[in-house]
Structures are given as structure tokens and as C-alpha cells.
**Q** 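Before anything else, here's the structure in question.
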Amino acid sequence: MASEEEKKAVFDAESAKEVVKELRASFAAGKTKSYEWRSTQLNAMLKMMEENEPQILAALRDDLSKPELESSIFEVAMVKSSCRVALKKLKHWIRPEKAKTSLITFPSSAEIVSEPLGVVLVISAWNYPFLLSLDPVIGAIAAGNAVVLKPSEIAPATSSLLARLAADYLDHSCIKVVEGAVPETSALLEQKWDKILYTGNGRIARIVMAAAAKHLTPVVLELGGKSPVIVDSDINLQVATRRIIAGKWGCNNGQACISPDYIITTKSYAQKLVDSFKCELERFYGKNPFESKDLSRIVNSNHFARLSKLLDEDKVSSKIVHGGERDEANLRIAPTILLDVPQDSLIMTEEIFGPLLPITLVDKVEDSFDVINSSGTKPLAAYLFTNNKKLKEKFVATVSAGGLVVNDTTVHLTEHTLPFGGVGDSGMGAYHGKFSFDTFSHKKAVLYRGFACDAFVRYPPYSRGKLRLLEALFNGSFFGIIRALLGWFKS
Amino acid sequence: MEESIAELRETFRSGTTKSVSWRKKQLRALLDLVNENEDSIFQALDQDLGKSRVESYRDEIGVIKKSAAYSLSCLDKWMAPKKGELPLLFFPAKAEVMPEPLGVVLIFSSWNFPITLALDPLIGAISAGNTVLLKPSELAPACMSFLTQTIPRYLDNKAIKVIGGGADVGERLLELKWDKIFFTGSPRVGRLVMTAAAKYLTPVTLELGGKCPAIVDNTLSNPSKAKVTAKRIVGGKWGPCTGQACIAIDYVLVEEKLASTLIEMVKKYIKRFYGDDLKELKSISRIVNKHQFQRLANLLKDPHVAASVVYGGSVDEEKLVIEPTILLDPPLDSEIMNEEIFGPLLPIITLKNIEESIEFINSKPNPLVIYAFTENETFKKRILSETSSGSVTFNDSMIQFLCDSLPFGGVGQSGFGRYHGKYSFDTFSHEKSVLHRAFYPELEPRYPPWTNFKFSFLKLAYAFDYFGLILLMSGFRKS
């Protein structure tokens with residue numbers, strides 16, 4: 001007699017093929033294209049979030065020990081807000097856009113029609129497991145696609161909750177959740193998708209893109225990087241510090257793609273900054289941060305070991321100026337600040353993704369730009385705290401990153417009118433708001449012509465006269481056209 | 001090769017290519033290049049493809065001139081940051097999306113429109129402020145030679161380079177890191193390009209091809225419209241490089257009862273435009289090389305296919321010319337009906353009812369363009385909503401290529417990404433979002449330790465419930 005484990009089906013390439021086949025049939029039948037279907041699904045998702053908030057918060061607590069407020073705001077509220085924006089704007093987004101036409105194609109009219117790509121795959125990450133799963137799915141649905149969501153196995157409670165809720169609330173014939181780890185993801189990646197949106201790290205992103213290349217599938221890769229914060233002097237230090245703390249430890253304890261990764265400040269300002277951090281950190285999390293309920297834990301022992309390794313490196317461990325305490329059993333690392341670590345240390349070359357904040361020192365604040373640009377990679381975000389207008393201008397002009405924020409951190413994520421995505425090693429493509437709709441759409445160009453005014457100049461037999469007329473037409477010059485026509489009639 | 005790329009990186013790092021004046025200077029220089037070397041370009045195109053002057057002007061020189069002039073006139077607008085609207089909650093804050101160049105880009109162009117497909121993407125890359133390495137196709141050697149020799153004389157050598165050579169050069173280039181790769185060519189090579197790009201997470205634009213169908217309905221019953229339709233079909237098949245174009249009409253779908261009308265009209269215009277003597281064809285390109293010639297000749301070797309030829313079919317191997325050829329209902333499982341033809345053979349497929357054309361088209365991979373000759377508004381809507389293609393053109397062929405305001409690109413097997421006009425600028429840019437915040441006012445509820453009040457505040461804030469926030473803050477609402 002087969003045991004429970006053996007009876008549970010293995011999700012392999014065959015299963016993946018079946019899933020795609022079913023979704024393709026649903027898509028071909030036109031199920032996902034209507035405005036009604038899209039708005040019904042988005043409303044269902046809204047209801048799903050509203051009716052299950054306690055379960056969602058519990059799952060996030062299980063997987064990440066995420067503080068209730070973070071879960072409620074950054075996962076639940078943001079998904080709901082995303083649904084509402086899509087619902088509100090959907091009709092407008094779906095409408096074709098008129099395009100201008102020129103003399104060359106006169107008479108004609110043109111438009112750009114948004115059509116769904118078809119069957120798309122969303123692979124999400126473990127750190128904001130609800131947000132990073134559902135936000136892209138909202139875009140896929142709004143654009144009229146059928147979608148498979150593969151949540152991260154590193155957040156198992158949220159993964160299984162997502163699977164259950166999606167099956168209960170959403171149209172199962174068009175929206176599916178496939179749980180699993182490497183084998184299941186590989187099985188999915190062997191299939192042909194019309195688009196893949198992947199959130200995660202650069203190593204897996206390369207595998208995703210290479211798999212997509214076999215089928216010429218376009219991809220959006222939302223990756224990470226070392227998001228730097230430049231801190232100038234002559235600012236409101238308390239506000240700046242608090243905003244950095246909110247973006248670092250307040251975002252899943254530093255385990256976020258746009259968390260401030262490291263700070264660059266001047267040698268003369270460093271001590272003031274460190275003191276300000278110490279003060280505000282205590283105000284936020286108390287004298288013993290292990291007792292604070294307002295900090296996520298490290299997600300699992302692998303990451304705990306990884307972060308410990310960063311701290312234990314020879315030339316690094318002596319640079320800790322605050323924190324550094326660890327509780328392996330509970331997967332906790334205290335908010336830790338390091339001062340002046342060597343540029344070639346692991347903590348300064350790898351994305352930290354945890355509660356460790358190194359501060360790099362420069363002589364003049366302007367030197368910060370060289371530090372950032374010399375890393376050779378472009379981060380997902382970059383931050384600057386300053387009141388100096390010129391510095392702001394130089395920052396915006398010279399620092400290339402997915403997105404920039406001046407005098408704050410991470411809040412650009414919440415603004416749906418700003419495209420959210422990376423560049424270079426931090427990724428390609430963008431989403432949020434209308435950008436989500438666009439990323440899951442094909443913008444089909446449509447040109448309407450009539451039978452009148454057939455330009456004889458287009459057709460052979462070709463002649464000098466036709467050539468002159470064509471030249472004039474291309475130059476858009478009326479006189480040229482008249483001259484050419486006159487010359488034509490003369491000859 | 002590595003040295004050239006290192007130089008391109010250095011030039012980009014120096015910031016030269018970012019200034020609007022540099023970009024405009026290069027675009028003007030490109031215009032000068034084309035204006036001052038028209039004759040050489042005509043000659044090279046004639047040598048490589050037998051293109052006549054009008055075709056060369058219409059499809060290559062004219063296109064580039066128009067594209068460069070358009071970019072010059074719009075560049076300031078394109079480079080300007082786009083303001084973003086922010087909700088009240090963020091006040092005071094400013095948001096904008098700033099386009100910035102990606103860095104060092106690689107452009108692979110194809111042999112069939114060797115000037116356009118090299119210089120048009122180049123215009124986009126320059127407008128967006130990148131440094132560029134252009135690899136033209138070796139299958140159009142005279143044009144490749146023209147580009148490698150002439151571009152350095154007009155454009156900034158430190159920022160824009162051209163490299164000649166064959167597939168081996170292409171392979172070596174793909175082993176290096178680029179900030180963007182723009183590829184025009186076949187799906188097979190497109191896969192190789194994207195796979196290579198994946199190693200460095202390099203974004204790509206792939207302009208591929210497909211079997212572009214032309215649907216013709218009963219507008220054929222109207223004699224004057226039938227004439228225009230036939231002319232546009234002939235012009236859209238043999239006009240561009242004798243059918244060797246990604247947007248050339250590949251095959252036609254027509255109702256059985258109108259097939260003979262269509263065939264007669266198409267024959268008429270073939271004769272009028274090109275003549276009917278294989279040895280004396282005029283105003284038409286030739287096949288690019290022996291390999292392509294063999295491939296096309298082989299399509300006709302299948303006896304069932306050969307039996308379906310109703311016009312043309314003769315070939316001249318020495319001159320690499322194939323007569324404009326019409327086939328009526330070749331077998332649907334033959335190669336000619338499953339591979340992109342890319343040549344002067346036009347299959348006409350008959351259907352009982354023209355509405356079946358939608359199903360027919362959907363049974364094949366998404367093409368770059370669908371052409372439909374119809375005035376039936378319902379049918380037009382059905383075509384738009386029930387088929388998928390890079391673009392759709394009603395009642396004409398080819399001409400959508402000239403519209404700077406329409407994105408040009410494929411979907412599915414016909415590629416992804418797009419260009420022309422502002423889309424060229426965008427495809428070579430990164431849209432960087434920038435948010436400027438002020439130190440005041442400060443929202444205390446953002447920070448821990450968390451309390452019920454802060455919780456309620458944030459919940460209301462995220463729902464943009466300003467009224468609720470006011471109630472909460474003035475004590476009229478419990479937290």
C-alpha cells in the first residue's frame with residue numbers, strides 16, 4: 001500500500017506541461033480577455049486579502065517572525081492598494097491609445113492596442129512572500145493573461161496559504177499556484193511561457209533567462225544589489241537616521257531588495273552618525289533588541305550562517321561599533337553597525353540582505369559617487385541625504401540605479417506611478433501600477449488605411465521622377481512635392 | 001576586440017555621450033554621411049541585393065534620413081524627465097522618471113535591409129546616449145564594407161565602432177558583457193543571442209520574423225478596390241527586397257470563389273511592375289546569395305508544391321534571380337507553408353469562408369505583421385481581438401514601417417522589444433525613477449515601537465483615507 005508521501009503527486013515536467021496546456025486552452029477560449037473576468041478576479045483577490053488577514057499575518061509570523069504592523073502594511077495593505085488601483089484604472093488601461101500619423105501614410109489612422117501576452121509565469125521571493133507574489137499576478141490578471149504563480153519554498157507557510165487561498169477565491173482554470181522548490185521550478189522553466197517575471201537573486205535569474213531564451217520568452221527580472229546611502233553633513237540628522245533605520249531594520253530586518261545596504265559618509269561626520277543611530281535604534285527597539293516584537297528574524301539557518309560569516313571575517317569583526325549579538329537558536333541578529341570596513345571584504349562586495357549596516361568613509365562627500373560607481377554594478381536603489389542642491393543634481397545625473405530617493409529610503413516602492421525595476425545587475429523591466437499592466441501586455445500597433453489616394457509613386461516601374469517625388473515625400477516638404485509633381489508632369 | 005570595447009566603456013564612463021550636444025552632433029553627422037554618400041550606398045545595395053535606386057531610397061536611405069531628422073527634432077523632449085504625480089500623503093515631494101543611457105550596446109543587423117537595419121537602431125542608441133558597437137551582416141558584404149569604412153569618417157570613433165567579419169566574430173562578441181544587445185535576424189540565432197545575454201543579465205531586443213499573412217475578403221468584388229488591393233499585395237511581396245523582408249507578405253488567405261480574380265490581378269501587376277521575362281525583370285531585387293537561392297529553389301522541388309504553381313516558377317541560378325511566383329493551395333504541411341519563405345514565392349490559400357482565416361493564422365506562430373484587406377468593421381475587430389501579432393495593418397502593406405509613432409516589434413516567436421521613433425530612444429534607455437523628499441514634515445507613525453495608534457494611522461494612510469486620518473488625529477476615531 002502506498003504511503004501518504006508516495007501518493008502525493010510529484011510535480012515534474014509532465015505535470016508542468018499539463019498545467020500549461022490547461023491554461024493555454026483557457027486563454028485560447030478567451031476566458032481571461034474580458035474586462036468582466038479581470039475585474040472579477042481583482043475583486044476576488046481584494047476579498048481574499050480582506051477576509052484572511054489574520055491567517056496571512058500568522059503565516060508571515062511563522063515564516064519570518066514578521067512584526068504584525070509590517071505584515072499588515074507592507075504585505076496586506078499594499079496588495080489591496082494595488083488591486084484597488086488596477087480596478088480603478090483598468091478600463092482606461094485597456095483602451096487603445098491613439099497614435100499620430102504623418103504625411104507619408106496619409107490618409108490613415110493609427111492606434112496602439114494592448115493585448116495579453118497569453119500564459120505567464122510569476123516566480124516570487126521569500127522576503128515579502130505575499131506582496132511579491134500577488135503584485136505581479138495583479139498585473140498579469142489586469143492585462144488579461146492566464147498565470148502560474150510559483151511562491152518561494154523558503155517561506156513554506158505563506159506558500160501553502162497562497163495555494164489554498166488562490167484555489168478558493170480565484171478562477172482555478174486560469175490562475176494556478178504551483179508550490180515547490182528547485183525540481184518543480186525547473187519543470188516549470190522547461191515549458192514555453194509568454195512572459196516570465198522573476199523576483200530573486202542574480203544567480204537564479206541567469207538560469208531563468210537562459211531557460212526563457214530557448215522559447216524566446218521575454219522576461220522581467222527583479223533582482224537586488226547593494227543599495228548605498230550617501231549621508232551628507234548639515235542635515236536633520238535625527239530624521240535621516242530614523243528614515244534609514246525604517247528602510248533597513250524596519251523592512252524585514254534588512255532582508256529587502258531595496259533596503260539600505262551600506263552607508264557612505266565623510267570621516268568627519270561618521271561619529272555623529274553612529275551616535276545618532278545608537279540613540280534612535282534604542283528608541284525604536286529598546287535596549288535589548290532581542291526582546292523587541294518589532295523586528296523580523298533571519299529567515300532560516302542558511303541565511304543566519306551566511307550573515308554570521310560576513311561578521312566573522314578577519315578584518316571585519318573588529319569594526320563593529322554597535323550590536324553584533326547573535327542568537328542562533330532563535331535566528332536573531334541584533335541591529336549591527338560597522339565602521340570603516342575594508343572595501344574588499346565580503347560584507348562590502350556581496351548584497352548583505354540582513355541587519356548589518358557597514359559605514360564606508362570618504363574624505364569629501366562628493367567622493368561617494370566614485371565609491372558607488374567603482375563597484376561596477378548598478379543597484380536596485382540608491383539614497384542620498386543632503387540639503388545641498390548641487391549634490392542632489394550630481395547624484396541624480398551620475399548614479400545609475402533602478403530608482404533613486406533623496407532624503408528618504410524605500411518609500412518609492414509604494415508609489416504606483418513610478419516604475420519599479422532594476423538596471424544592469426539589479427535587473428531588467430519594471431512594474432507597479434500601470435507598468436505592471438504594460439509589462440504583461442503586448443502593445444500591438446494598428447494602422448488603418450483606406451483604398452483612396454493610392455500613391456502611384458510607390459509602385460514600379462521606377463523612374464527618376466518617382467525617385468524625386470519619394471525624396472520630397474520623405475522630407476515632408478510641400479514645395480518639394482509640388483516641384484517634383486510639376487517635373488513629373490513636364491517629363 | 002576587447003580593446004575596442006574597453007575604449008567604448010571608458011568613453012561612456014567619461015560622460016561624453018550623455019550630453020545632448022554630443023548626441024545631436026552624431027545624428028547630424030549621420031545625416032551628412034547618408035547625404036554625401038548616396039551614390040555609394042546605391043551602388044553597395046545594387047551589388048549586394050540588386051536593389052534599384054527607388055527601392056533603395058524608399059526602404060533604406062529615405063528611412064534613415066527621416067529617422068535621424070525626427071530624432072534630432074524630438075531629442076530634447078525625449079531626454080526631459082517625466083514628472084510623476086504623487087498622492088497628497090507624500091507632500092512635499094517631487095517625483096520624476098529620468099531616462100538614462102544603458103552604457104555600451106551591441107547592435108547586430110541583418111543583410112536584407114543592410115543600411116536601415118544597421119543605422120536605424122544606431123540612431124536610437126545614439127539618441128539615448130550610449131556608446132555602440134555595430135556588427136553588420138557579412139551576407140551583404142558591400143554594405144558592410146561601406147559601413148566599416150564610412151562610419152569612422154563621420155562619427156565619433158571613440159564612442160561608435162563598426163566591426164566586420166562573419167559568424168565567428170558574432171560569437172566572440174556574444175561572450176563579452178554588454179549593457180544591451182539589439183538583434184535583428186532569425187529566431188534560431190535570436191535564441192543564441194538571448195542565451196549568451198543571460199550570462200550577464202543583459203537585456204535584449206529581438207526583432208525576428210515569421211510568416212506574415214495577408215487576408216483578403218470580398219473587397220475584391222469591387223473593381224477599383226480590387227486593383228488597389230492587388231497593387232498593394234504585389235508591392236508588399238516583391239517590392240521589399242523581392243520578398244526577403246521580415247514584414248513582407250508571406251502568404252495570402254482568400255475565399256475560394258475570389259481566388260481566380262485575385263490571381264489574375266496579381267499576375268497583371270507583376271507583369272506591369274516587373275515584366276514577365278525572367279531574363280529581363282526590372283525594378284526588383286535579386287536573391288542575396290547561393291545559399292538562400294538553393295533554399296528557395298528547394299521549396300519548389302516538392303512535387304505537390306511544384307504542381308500548385310500557377311505563375312512564374314522559373315529560376316536563374318547564375319544571376320540569383322527567381323521569378324515572382326504564385327502558388328495556389330500548396331499542401332499545408334509542405335515546408336513552404338511552415339517555414340518563413342523570405343523570398344519571391346507567394347502561396348495563395350483558399351478558404352470556404354474568409355472568417356476561417358483567423359483560425360488559420362492562430363494555428364501558426366505569431367507573425368510580425370498581419371495584413372488584412374477588408375472594410376468590414378466587425379471582421380476588423382475580430383482580427384484585432386482574436387489574433388496576436390507584432391502589428392496589424394488594414395488595407396495596405398509595408399507602410400506601417402514608416403510610422404514613427406507606431407512601435408515596431410514582434411510578439412511570441414516574432415520577437416520582443418520594439419523600436420522606431422521614441423521607442424528607439426526608450427529601448428536603449430533605462431527609465432530611472434527619482435523621488436525627492438523633504439525633511440519636514442515627519443510622520444512619527446512610520447517608526448517603531450509600534451502602537452495601535454500608529455497601526456491605525458498607517459492603515460488609513462495606505463488606503464489614502466485622508467478623512468479617516470483627520471478623524472484619527474483629532475481623536476474622533478479610535479485606534
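Chain letters run A, B, ... following the sequence lines, proteins first and then strands; every chain starts at 1. Keep in mind it's a predicted model, so treat the numbers as computed, not measured.
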**Q** Given that the side chain runs from C-beta out, which part of B/E100 has a heavy atom under 4.5 Å from chain A: side chain, backbone, both or neither?
**A**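 B/E100 touches chain A through side-chain heavy atoms alone.
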**Q** I'd like to know which of B/Q400, B/K282, B/K231 tops the heavy-atom pair count under 4.5 Å against chain A.
**A**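 Going by pairs under 4.5 Å, I would pick B/K231.
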**Q** Give, as side chain, backbone, both or neither, the part of B/S52 having an atom under 4.5 angstrom from any heavy atom of chain A.
**A** side chain
**Q** Of all the heavy-atom pairs spanning A/P419 and B/E431, show the shortest one and how long it is.
**A** CG-O, 4.3 Å
**Q** Kindly indicate whether the side chain of A/T217, heavy atoms from C-beta on, has any atom under 4.5 Å from the side chain of B/F416.
**A** no
**Q** Would you check if the side chain of A/H412 reaches a backbone N or O of B/S433 as a donor-acceptor pair within less than 3.5 Å?
**A**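 The answer is no, because no donor-acceptor pair under 3.5 Å joins these two groups.
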**Q** Counting C-beta onward and ignoring hydrogens, is there a side-chain heavy-atom pair between B/F455 and A/S72 closer than 4.5 Å?
**A** yes
**Q** So what's closer than 4.5 Å to chain A heavy atoms on B/Y200: side chain, backbone, both or neither?
**A** backbone
**Q** Select, from A/M428, A/H442, A/K80, the one with the greatest count of heavy-atom pairs under 4.5 Å involving chain B.
**A** A/H442
**Q** Looking only at heavy atoms, which two atoms of B/P187 and A/L216 are closest? And how far apart?
**A**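 Where B/P187 meets A/L216 most closely, the heavy atoms are CB-CD1, 3.8 Å.
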**Q** Below 4.0 angstrom, N of the basic side chain to O of the carboxylate: do B/R446 and A/D408 qualify?
**A**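 Salt bridge between B/R446 and A/D408, a charged N being under 4.0 Å from a carboxylate O: yes.
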**Q** Identify which part of B/S397 has an atom lying under 4.5 Å from any heavy atom of chain A, answering side chain, backbone, both or neither.
**A**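 Both the backbone and the side chain of B/S397 come within 4.5 Å of chain A.
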**Q** Using the ring of each side chain (for Trp, its six-membered ring), is A/F74 parallel, tilted or perpendicular to B/Y462, with breaks at 30° and 60°?
**A** perpendicular
**Q** Does A/L447 reach the side chain of B/S391, with side-chain heavy atoms less than 4.5 Å apart?
**A**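 SC-SC contact between A/L447 and B/S391 ruled out.
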**Q** Counting neighbours of NZ on B/K227 that are heavy atoms of other residues, nucleotides or ligands and sit closer than 6.0 Å, is the number greater than 12?
**A**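 Not more than 12 within 6.0 Å, no.
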**Q** Picking from B/K66, B/K82, B/R58, B/R53, which has the most non-hydrogen pairs under 4.5 angstrom with chain A?
**A** B/R58
**Q** With a 4.5 angstrom heavy-atom cut-off, is it the side chain or the backbone of B/A197 that approaches chain A, or both, or neither?
**A** both
**Q** B/Y447 and A/E280: side chain to side chain contact (heavy atoms under 4.5 Å, CB included), yes or no, with the steps?
**A** CA-CA 10 Å; B/Y447 309 117; A/E280 297 302 322; over 6 Å; no
**Q** Does some side-chain heavy atom of B/S224 sit less than 4.5 Å from a side-chain heavy atom of A/F451?
**A**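 No; the side chains remain at least 4.5 Å from each other.
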**Q** Checking A/R449 side chain against B/F394 main chain: does a donor-acceptor pair fall under 3.5 Å?
**A** no
**Q** Could you tell me whether B/K65 and A/E471 make a salt bridge, using a distance below 4.0 angstrom between a side-chain N and a carboxylate O?
**A** no
**Q** Between A/K444 and B/T387, which heavy-atom pair has the shortest distance, and what is it?
**A**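 Scanning both residues completely, I find the closest heavy atoms to be NZ-O, 3.0 Å.
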**Q** Quick check on the interface: out of B/M398, B/E375, B/R13, who has the most heavy-atom pairs with chain A under 4.5 Å?
**A**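 That would be B/E375.
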**Q** May I ask you to test the B/Q413-A/K192 pair for a side-chain heavy-atom distance under 4.5 Å?
**A** yes
**Q** Given a strict heavy-atom distance threshold of 4.5 Å, which part of B/F401 is in contact with chain A: side chain, backbone, both, or neither?
**A** neither
**Q** Could you check whether any side-chain heavy atom of A/E415 comes within less than 4.5 Å of a side-chain heavy atom of B/L86, counting everything from C-beta outward?
**A**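 Result yes, sub-4.5 Å side-chain heavy-atom pair found.
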**Q** Below 30° counts as parallel, above 60° as perpendicular, anything between as tilted: where do the rings of A/Y459 and B/F273 land?
**A** parallel
**Q** Would you indicate whether A/E393, at its atom CD, is surrounded by more than 12 heavy atoms from other residues, nucleotides or ligands within a distance under 6.0 Å?
**A** yes
**Q** Looking only at heavy atoms, which two atoms of A/P461 and B/R272 are closest? And how far apart?
**A** CD-O, 3.8 Å
**Q** With rounding to the nearest 0.5 Å, note down the distance linking OG1 in A/T417 to NZ in B/K83.
**A** 12.5 Å
**Q** Would you mind checking which part of B/L384 comes under 4.5 Å of any heavy atom in chain A, side chain (CB onward), backbone (N, CA, C, O), both or neither?
**A** both
**Q** Considering only heavy atoms, which portion of A/T386 lies under 4.5 Å from any heavy atom of chain B: side chain, backbone, both, or neither?
**A** backbone
**Q** So which of A/G422, A/A401, A/A240 has the biggest tally of heavy-atom pairs under 4.5 Å with chain B?
**A**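 Heavy-atom pair counts peak at A/A401.
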**Q** Take atom CD in B/E442; do more than 12 heavy atoms of anything else shown fall under 6.0 Å from it?
**A** yes
**Q** Examine whether an atom of B/S385 lies under 4.5 Å from a heavy atom of chain A, and if so say whether it belongs to the side chain, the backbone or both; otherwise answer neither.
**A** backbone
**Q** Restricting to non-hydrogen atoms, name the atom on A/N387 and the atom on B/F439 that form the minimum distance, rounded to 0.1 Å.
**A**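 Minimum heavy-atom separation between A/N387 and B/F439: OD1-CE1, 3.4 Å.
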**Q** For B/P81, is it the side chain, the backbone, both, or neither that has a heavy atom closer than 4.5 Å to a heavy atom of chain A?
**A**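 Looking at B/P81, nothing touches chain A.
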**Q** Could you tell me which of A/A110, A/G402, A/G403 has the largest number of non-hydrogen atom pairs under 4.5 Å with chain B?
**A**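 Ranked by contacts with chain B, first place is A/G402.
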**Q** Does any heavy atom of chain A fall under 4.5 Å from the side chain of B/K94, the backbone, both, or neither of them?
**A** neither
**Q** Counting distance only, does the side-chain N/O of B/S405 pair as donor-acceptor with the main-chain N or O of A/A99 below 3.5 Å?
**A**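 No.
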**Q** Counting only heavy atoms closer than 4.5 Å, note whether A/V399 contacts chain B via side chain, backbone, both or neither.
**A** backbone
**Q** Do NZ/NE/NH1/NH2 and the carboxylate oxygens of B/K459 and A/E53 come within less than 4.0 Å?
**A**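 Yes, B/K459 and A/E53 are salt-bridged.
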**Q** Where does B/L102 contact chain A at under 4.5 Å (heavy atoms): side chain, backbone, both or neither?
**A**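 Contact with chain A: backbone and side chain both.
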**Q** For the residue pair A/N236 / B/Y440, report whether a side-chain donor-acceptor contact shorter than 3.5 Å exists.
**A**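 A/N236 and B/Y440 do have a side-chain donor-acceptor pair below 3.5 Å.
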**Q** What heavy-atom pair brings B/L201 and A/M209 nearest, and what distance separates the two atoms?
**A**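 It is CA-SD, 4.4 Å.
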**Q** Do you know which of B/K199, B/M194, B/K225, B/R232 has the most heavy-atom pairs under 4.5 Å to chain A?
**A** B/R232
**Q** Is the side chain of B/H430 donor-acceptor paired with the backbone N or O of A/G424 at a distance under 3.5 Å, no angle test?
**A** no
**Q** Would you find a donor on one side and an acceptor on the other, under 3.5 Å apart, between the side chain of B/N395 and the backbone of A/G450?
**A** no
**Q** Which bit of A/L117 comes within less than 4.5 Å of chain B, counting heavy atoms only: side chain, backbone, both or neither?
**A** side chain
**Q** Please check if the side chain of B/H436 supplies one atom and the backbone of A/V405 the other of a donor-acceptor pair under 3.5 Å.
**A**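 Not confirmed, B/H436 side chain does not pair with A/V405 backbone.
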**Q** Non-hydrogen atoms of chain A under 4.5 Å away: do they reach the side chain of B/I399, the backbone, both or neither?
**A**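 For B/I399, heavy atoms of backbone and side chain both lie under 4.5 Å from chain A.
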**Q** With respect to chain A, which residue among B/A95, B/G412, B/S283, B/C403 yields the maximal number of heavy-atom pairs within a distance under 4.5 Å?
**A**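 Most heavy-atom pairs within the cutoff with chain A belong to B/S283.
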**Q** Considering only heavy atoms from C-beta outward, does the side chain of A/P460 approach that of B/I284 to under 4.5 Å?
**A** no
**Q** Tell me, for A/K100 versus chain B, whether the close heavy atoms (under 4.5 Å) come from the side chain, the backbone, both or neither.
**A**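 Both backbone and side chain.
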**Q** Check whether any side-chain N or O of B/K380 sits under 3.5 Å from a backbone N or O of A/Y448 as a donor-acceptor pair, and report yes or no.
**A**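 Judged by distance alone, no pair lies under 3.5 Å.
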